[in-house]
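Note sheet for the following structure.
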Amino acid sequence: MSPATERPTVSFELFPPRDVDSAPRLWDTIRHLEAARPDFVSVTYGASGSTRETTRALVTRILRETSLNPIAHLTCVATSRKEIACVVEEFLDAGVRSFLALRGDPPTAGAGWEAHPDGLRTAAELVTLLRQIESRRCAQSPSQQVRATVRPLSIAVAAFPRGNHGAGSTREQDIQALLDKQSAGADFAVTQLFYDAESYLELVGEARRSGVRIPIIPGIIPATDPARLLRTQELTGVPVPRDLLARLEAADDDAARRRLGVRATADLVKAVLDGGAPGIHLYTFNRHEAALGVLDAVGLLPGSARPTSQPDPAPAYTI
Ligand code: FAD
């Protein structure tokens with residue numbers, strides 16, 4: 001397949017609800033997202049491992065009951081190296097083969113980041129630990145080695161087009177962190193959300209000039225809900241463009257707002273794909289309509305997955 005005709009990768013982020021088994025709306029969303037035939041779905045991990053059980057429950061149920069390839073997020077916050085290794089072993093025993101390795105933010109917003117006394121300090125160290133655990137398991141068991149050849153461990157990491165607000169780092173430090181993650185064995189990166197294609201393209205350009213070779217997938221939020229955009233601005237420090245916010249707030253009703261937001265997001269997606277992005281990762285907030293609307297608008301949605309004109313159900317979960 002020539003690069004011109006190749007379908008970019010499509011992936012979604014989900015977060016675990018309090019009770020994975022009694023969350024019918026989430027499963028409805030997952031079925032709709034599955035119909036879009038994504039390359040993977042990633043499942044977040046609460047600060048300090050607060051969603052350890054629910055992340056594992058959601059990831060393993062996705063593995064068991066759907067055709068989706070789940071990626072489990074992992075963080076190092078307030079956890080010893082031994083505890084992190086234990087969590088990793090649990091995921092591997094459950095058949096999980098893909099991870100997004102993160103340092104994580106401090107559990108209290110605004111507090112400084114402190115590593116656990118026996119813990120890991122960076123995402124790169126977590127990538128190293130994941131590779132070590134996998135090597136040990138393979139060395140211990142020939143059958144494990146065969147399975148690992150058939151389904152290799154894949155490790156994603158984070159990248160920051162608008163700087164890492166939580167970490168207060170500079171562009172140079174962020175690129176260095178990306179190089180460290182690559183050297184430790186990361187396979188690809190997914191970015192924090194951003195609203196202008198230049199931020200992403202500049203980061204990729206600088207990363208390439210500095211020796212980063214792994215693919216960097218842009219993470220994109222469907223910009224349809226002004227309240228959600230403002231909340232993510234608080235959490236990530238990525239400012240929502242004032243004019244986008246004003247246009248969304250001035251829309252006549254929810255349907256008009258959604259159309260406007262989907263169009264704006266589709267323009268961003270087209271710009272990053274035209275600029276060479278290998279795919280897109282959509283932050284769904286456990287809702288499918290807007291994400292599928294964006295894919296539809298850029299011609300990346302299989303016909304069978306077209307969204308209906310029904311609005312999303314009321315939000316059942318919050319981040
Ligand atoms: P790191 O790469 O370890 O960087 C952290 C800081 O350390 C930076 O300042 C960096 O410059 C510095 N640093 C790294 N290596 C070195 C080095 N060798 N020498 C000196 N300084 C160094 N958080 C959650 O809690 N749960 C989630 O599920 C989650 N999912 C996310 C998904 C994505 C796609 C993204 C982009 C972020 C996500 N986060 C999540 C937030 C993330 O945990 C925070 O942004 C965190 O502050 C940074 O994580 P990191 O993995 O990039 O850390």
Side-chain angles (χ1 to χ4, degrees), residues 8 10-13 15 36 44 105 109-110 158-171 174 189-207 216-301 307 309-312 314-315 318-319:
V10 167
S11 52
F12 303 113
E13 181 184 279
F15 63 88
T44 64
D105 282 325
F160 297 85
R162 303 276 312 205
N164 188 342
H165 164 77
S169 51
T170 62
R171 172 54 67 82
D174 287 340
V190 179
T191 75
Q192 183 59 282
L193 63 95
F194 58 92
Y195 296 95
D196 59 316
E198 294 69 38
S199 297
Y200 166 79
L201 298 172
E202 277 168 28
L203 171 79
V204 174
E206 251 180 80
I216 302 175
I217 301 176
I220 291 179
I221 183 171
T224 55
D225 177 348
R228 170 156 300 143
L229 299 187
L230 286 172
R231 182 154 158 68
T232 48
Q233 174 176 306
E234 265 174 49
L235 292 172
T236 63
V238 180
V240 189
R242 292 290 115 190
D243 63 321
L244 173 64
L245 208 51
R247 283 187 290 137
L248 288 170
E249 280 164 352
D252 287 340
D253 54 27
D254 285 349
R257 195 167 294 116
R258 175 173 296 146
R259 276 197 301 277
L260 201 156
V262 163
R263 234 184 355 256
T265 312
D267 286 345
L268 177 59
V269 169
K270 278 189 209 133
V272 291
L273 291 177
D274 287 348
I280 53 164
H281 185 66
L282 289 166
Y283 293 107
T284 70
F285 294 86
N286 291 3
R287 312 276 291 265
H288 61 274
E289 282 271 346
L292 297 188
V294 171
L295 290 182
D296 200 16
V298 296
L300 286 176
L301 192 66
S309 54
Q310 297 296 315
D312 274 337
T318 50
I319 57 168

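Because only heavy atoms are used, hydrogens play no part in the values below, and waters and symmetry mates are left out as well, while side chains stay in. In what follows, residues are counted from 1 in the order of the sequence shown.
Using a distance-only test at 3.5 Å, with no hydrogens or angles considered, no donor-acceptor pair links the side chain of Thr191 to the main chain of Ala159. In terms of modelled atom types and a separation under 3.5 Å, the side chain of Thr284 and the main chain of Glu13 share a donor-acceptor contact.
Across every non-hydrogen atom of Ala36 and Leu295, the tightest pair is CB-CD1, 4.2 Å. Closest approach of Pro222 to Leu282, counting heavy atoms only: CG-CD2, 4.4 Å. Ala297 and Val262 get closest at one heavy-atom pair: CB-CG1, 4.3 Å. In plain terms, the two heavy atoms of Leu273 and Pro8 that are nearest each other are CD2-CB, 3.8 Å.
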Can you list, pair by pair, the side-chain donor-acceptor contacts under 3.5 Å of residues 192-204, counting residues two or more places apart and other chains?
{"from": "Asp196", "atom 1": "OD1", "to": "Ser199", "atom 2": "OG", "distance (Å)": "2.7"}
{"from": "Asp196", "atom 1": "OD2", "to": "Ser199", "atom 2": "N", "distance (Å)": "3.4"}
{"from": "Asp196", "atom 1": "OD2", "to": "Ser199", "atom 2": "OG", "distance (Å)": "2.8"}
{"from": "Tyr200", "atom 1": "OH", "to": "Ile216", "atom 2": "O", "distance (Å)": "2.6"}

Please tabulate, for side-chain N and O atoms in residues 237-250, each donor-acceptor pair with protein atoms closer than 3.5 Å (sequence neighbours left out).
none

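Shown here are the side-chain contact (heavy atoms from CB on, under 4.5 Å) partners of Ala255, two or more places apart in sequence or in another chain: Asp253, Arg259. Residues satisfying the side-chain contact (heavy atoms from CB on, under 4.5 Å) test with Asp105, not counting sequence neighbours, are Arg103. Residues satisfying the side-chain hydrogen bond (donor to acceptor under 3.5 Å, both in side chains) criterion with Arg162, sequence neighbours excluded, are absent altogether. The salt bridge (charged side-chain N to carboxylate O under 4.0 Å, His left out) check on Asp267 picks up nothing, with sequence neighbours excluded. Ser169 meets the side-chain contact (heavy atoms from CB on, under 4.5 Å) test with Asn164, Ala167, Gln173, Asp174; sequence neighbours excluded. With sequence neighbours excluded, the residues satisfying side-chain hydrogen bond (donor to acceptor under 3.5 Å, both in side chains) with Glu206 are Arg171.
One finds the OG1 atom of Thr224 at 7.0 Å from the CG atom of Leu229 (value rounded to the nearest 0.5 Å). The CG atom of Leu300 lies 10.5 Å from the NZ atom of Lys270; values are rounded to the nearest 0.5 Å. Atom CG of residue Asp296 and atom CG of residue Leu301 lie 5.0 Å apart, to the nearest 0.5 angstrom. Once rounded to the nearest 0.5 Å, the distance linking CZ of Arg258 with CG of Leu260 reads 12.5 Å. Put simply, CG on Leu230 and CG on Leu235 are 11.5 Å apart, with the number rounded to the nearest 0.5 Å.
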Audit row: Val294, Ile220, side-chain contact (heavy atoms from CB on, under 4.5 Å) steps and yes/no: CA-CA 10 Å; Val294 171; Ile220 291 179; 5.9 Å; no
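Two residues are said to be in side-chain contact when any heavy atoms from C-beta on lie closer than 4.5 Å; Asp225 and Phe285 fail this criterion.
For residues 228-281, every residue pair satisfying the ring pair (Phe, Tyr, Trp, His ring centres under 6.0 Å) rule, not counting sequence neighbours, is listed here: Phe40-His281, His281-Tyr283.
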